[in-house]
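Labels below follow one simple rule: chain letters A, B, ... track the order of the sequence lines, proteins then strands, and each chain is numbered from 1.
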Amino acid sequence: MKKRYLVTSALPYANGPLHIGHLAGAYLPADIYVRYLRLMGKDVVFVCGSDEHGAAITVRARKEGVTPREIVDKYHAIIRDAFQKIGIAFDIYHRTSEPLHHETSQDFFRKLLENGQFEEKESDQYFDETAGQFLADRYIVGTCPVCSNPDAYGDQCEKCGSTLSPTQLINPRSTLSGSAPVMRPTSHWYLKLDEHENWLREWINTGKADGKQLHEPAEWKNHVIGQCNSWLDQGLQPRAMTRDLDWGVDVPHEIPHSAGKKLYVWLDAPIGYISATKQWALDRGVDWEPYWKDNDTALIHFIGKDNIVFHCLIFPAILKAHGGFILPVNVPANQFLNLEGAKLSTSRNWAVWVHEYVAELPGREDELRYNMIKNMPEQRDSEFTWKGFQESTNTELVGNLAGFVHRVMVLTHKNYTGVIPAIDASREFKSGWDADTISTYDQELHLLHHKLEEMGREIEHFNFRDALRILMEISSAGNALLQFNEPWKIAGSDPELVKVVLNLGLQYVAALSVAMRPFLPFSADRLRGLLNLPALRDERELLDALNELAEGNPILRPNHALNPAEHLFTRVPDEVIAAQIQKLKAAEQANQQTAPAEPASTKMTYAPVKELISYDDFAQLDIRTGTILEASKVEKADKLLKLTVDLGFEQRTIVSGIAQHYQPEAIVGRQVIVLANLAPRTMRGIESQGMILLAEDAEGKLSFVSPETGWPDGGEVK
RNA sequence: GGCGCGGUAGCUCAGCUGGUCAGAGCGUAUGAUUCAUAAUCAUAAGGUCGGGAGUUCAAGUCUCCCCCGCGCUACCA
């Protein structure tokens, strides 16, 4: 194992609250891992923070009529508070709007520039002439080409979730002024990712970089490596690391052409991990550098699957391009959590919000954590249901775990006034692990030791569900131990047996009080209190317990006095579940009520009328009537149809993006309007000799412009 | 269209490099038990491992084709 650990969780974006999908994806697994490492006496730092830049925040601010600062302050507080209440034990929860972060990322940028890692390139981007500025993807809205949502953003349609680029939008318009943007050249710095492709491929697939074995690929999840190779095989392209924005980290001012340029959020956000570490070190008066630069540090990024490429390819490339930094030893990305059969959605309010959960179900933090871990999407998408939450809480936490703790403590109070009895270690009894096995105290302590080690191994391999299962096996074995030996029956006839069984049962409970800490930190604290043991400080207590057990020593010594027994968990009543389900149904209904109203044809969005042109300009267009003779789908393209159009004097091959609006067989014979003197363009290997003119309705649906009664082919449209 | 990851008992999910891999938890059924919040313990389910073909002495586990879900990506003058 490495000497020290640096663990990061994806920086939450500060334009909305935290939901259970975030928790299950990147925060809970990291928290378990970190708490475990601390209990094992490891040097570990766990950093996170709010990602507070990027256009989505400024767009939201504009919509709500407030400043970006107000937005990020608001959500930073909500998110930080939610983390704290649900027990995510960051060493620091930083924010990317801090000056320290700005300095850190600017220094990074300078260094990359100095190392020749950038290429400054000019490209055409949408520019808002009214507002006088370039428009980032999020500043452009238009009709989604996929689902016809009239308010899709330039990078993504929030309605159907499609990833878009601004040029794909139909009728693009600026959110700043509402006007139609124009294309203008602008210059940006591109990271030469293509030059990093080879070493990344080797590093991902063999774990080797610069001839050194840095990690074991077999330890990485399939879907992580698969996704990376998918990207690598398509060839990495230079990627712009700057944007034209007014909110974010400035491109350092001394660099020419830096005016009005900000660092791309995806560059600035992961550097946030570094800034957070620096701030943590400053607060402690220690050196941050070993955590990022020493080969004996294990860097681990916990993220959701949507961040894989960034954390496994682009950020490592950036770290290497800078030089001097270590690379992540693993990126255990989780898949997605669904809620009651549907994808979590912030915009549709289909979520369980963490800040609402802790307010509505106070004192049940661990119940949520337990359920999240039990259904953690480690290898594939998984599902959270309130019914499942209730069931596992009531049967596994209340029945099995809390029940075991309570019964063994009650029995101790009844028989020995709550004091751990001394035992005769040679006494034999039935093992809780197997009804047919006769065992001894020492053998059972060894078995417990073995189970705890096994649990630890699962955590070390990021198998948190399995680790939790093993934890619960200890509780089940404790229940079985009591069941098989029935101490309540033999208190009078065989007091020595009762002592051994209860003492051992209490050792299980004591072991659980430490071992459950990574998963159920609040309950672990409560249990320590019940057992009258010192509060956990997350400093090698599990390691100490393991060492004692390995020596054959019990964790609780004879004559130790317990506090009164209490239940660790309470049942979740039906009403609570019903109320939560009701809440989700209300959200669903609210969506259904607004949803049908929108596509209803009324909501036509009008693009502003373009600049005036002269008649001569118009006369340059040669528009003709024509008839479709043949139509077929273009291979390997979802939207293209290959058409043969008769213009009377000749036949043309025209490729048109209408496959999602028309079936090929249905349009043969249709009369259409053709722009006949458009320069030919090759699409998907087919040369298109013209363009079919189409009209668009409010939903973005395209239809041909055709005559009512027919006309000859090749006629001019004037 | 391409690529990636999945599609295993009613439900939620494990099954690494092919040969006790047909599993766990929950639910359900039966029995035991009463120390414990009707909690606990034991036993049971007969799921053709999405469908089809193939390789092999042997395939959820490898190859090919098809279907479905999720994610990434391309085309749209």
Under a 90° cut-off about 0 for the syn range, is B/G52 syn or anti? anti
Write down the distance between [atom1] ([X]) and [atom2] ([N]), rounded to a whole number of angstrom.
| X | N | atom1 | atom2 | result |
| --- | --- | --- | --- | --- |
| A/Asn400 | B/A38 | CG | P | 15 Å |
| A/Phe389 | B/C13 | CZ | C1' | 19 Å |
| A/Trp231 | B/G2 | CH2 | C1' | 15 Å |
| A/Tyr370 | B/U12 | OH | P | 17 Å |
| A/Leu337 | B/C5 | CG | P | 22 Å |
| A/Asn222 | B/G7 | CG | C1' | 15 Å |
| A/Asn371 | B/C13 | CG | P | 11 Å |
| A/Lys305 | B/U73 | NZ | P | 13 Å |

Is the backbone N or O of [Y] less than 3.5 Å from a side-chain atom of [X], with the two atoms forming a donor-acceptor pair by type?
| X | Y | value |
| --- | --- | --- |
| A/Gln689 | A/Arg652 | no |
| A/His413 | A/Asn563 | yes |
| A/Ser439 | A/Ser431 | no |

If we count only N and O atoms by modelled type, under 3.5 Å, do the side chains of A/Glu367 and A/Asn371 hold a donor and an acceptor together? no
Taking only Lys NZ, Arg NE, NH1 and NH2, and the carboxylate oxygens of Asp or Glu, determine whether [X] and [Y] approach each other closer than 4.0 Å.
| X | Y | value |
| --- | --- | --- |
| A/Lys374 | A/Glu396 | yes |
| A/Lys343 | A/Asp381 | no |
| A/Glu454 | A/Lys451 | yes |

Pairing partner (Watson-Crick or G-U wobble, both distances under 3.5 angstrom) of [N]:
| N | answer |
| --- | --- |
| B/A45 | none |
| B/C72 | B/G2 |
| B/G25 | B/C11 |
| B/U37 | none |
| B/A77 | none |
| B/A59 | none |

From the options [options], select the nucleotide whose nearest atom is closest to the side chain of [X].
| X | options | value |
| --- | --- | --- |
| A/Arg407 | B/C3, B/C26, B/A36 | B/A36 |
| A/Trp488 | B/C26, B/U40, B/U33 | B/U33 |
| A/Glu383 | B/C13, B/G71, B/A77 | B/C13 |
| A/His567 | B/U37, B/A36, B/C70 | B/U37 |
| A/His223 | B/C5, B/U37, B/U34 | B/C5 |
| A/Ser382 | B/C13, B/U40, B/G25 | B/C13 |

Between the protein and nucleotides 14-16 of chain B, list the N/O to N/O atom pairs that are separated by less than 3.5 angstrom.
residue : atom : partner  : partner atom : Å
B/A14   : OP2  : A/Arg380 : NE           : 2.9
B/A14   : OP2  : A/Arg380 : NH2          : 3.0

Which part of the nucleic acid does A/Ser656 contact within heavy-atom distance under 4.0 Å: base, sugar-phosphate only, or nothing? nothing
Answer with base, sugar-phosphate or nothing: what part of the nucleic acid does A/Lys221 contact at a heavy-atom distance below 4.0 Å? nothing
Show each protein N/O and nucleotides 29-32 of chain B N/O combination with a separation under 3.5 Å, one pair to a line.
none

Give a yes or no on whether A/Lys642 atom NZ has more than 12 heavy-atom contacts from other residues, nucleotides or ligands under 6.0 Å away. no
Sorted by chain and residue number, the salt bridge (charged side-chain N to carboxylate O under 4.0 Å, His left out) partners of A/Glu219 (sequence neighbours excluded) come out as none
Can you say whether the rings of A/Tyr33 and A/Phe464 are parallel (under 30°), tilted (30 to 60°) or perpendicular (over 60°)? perpendicular
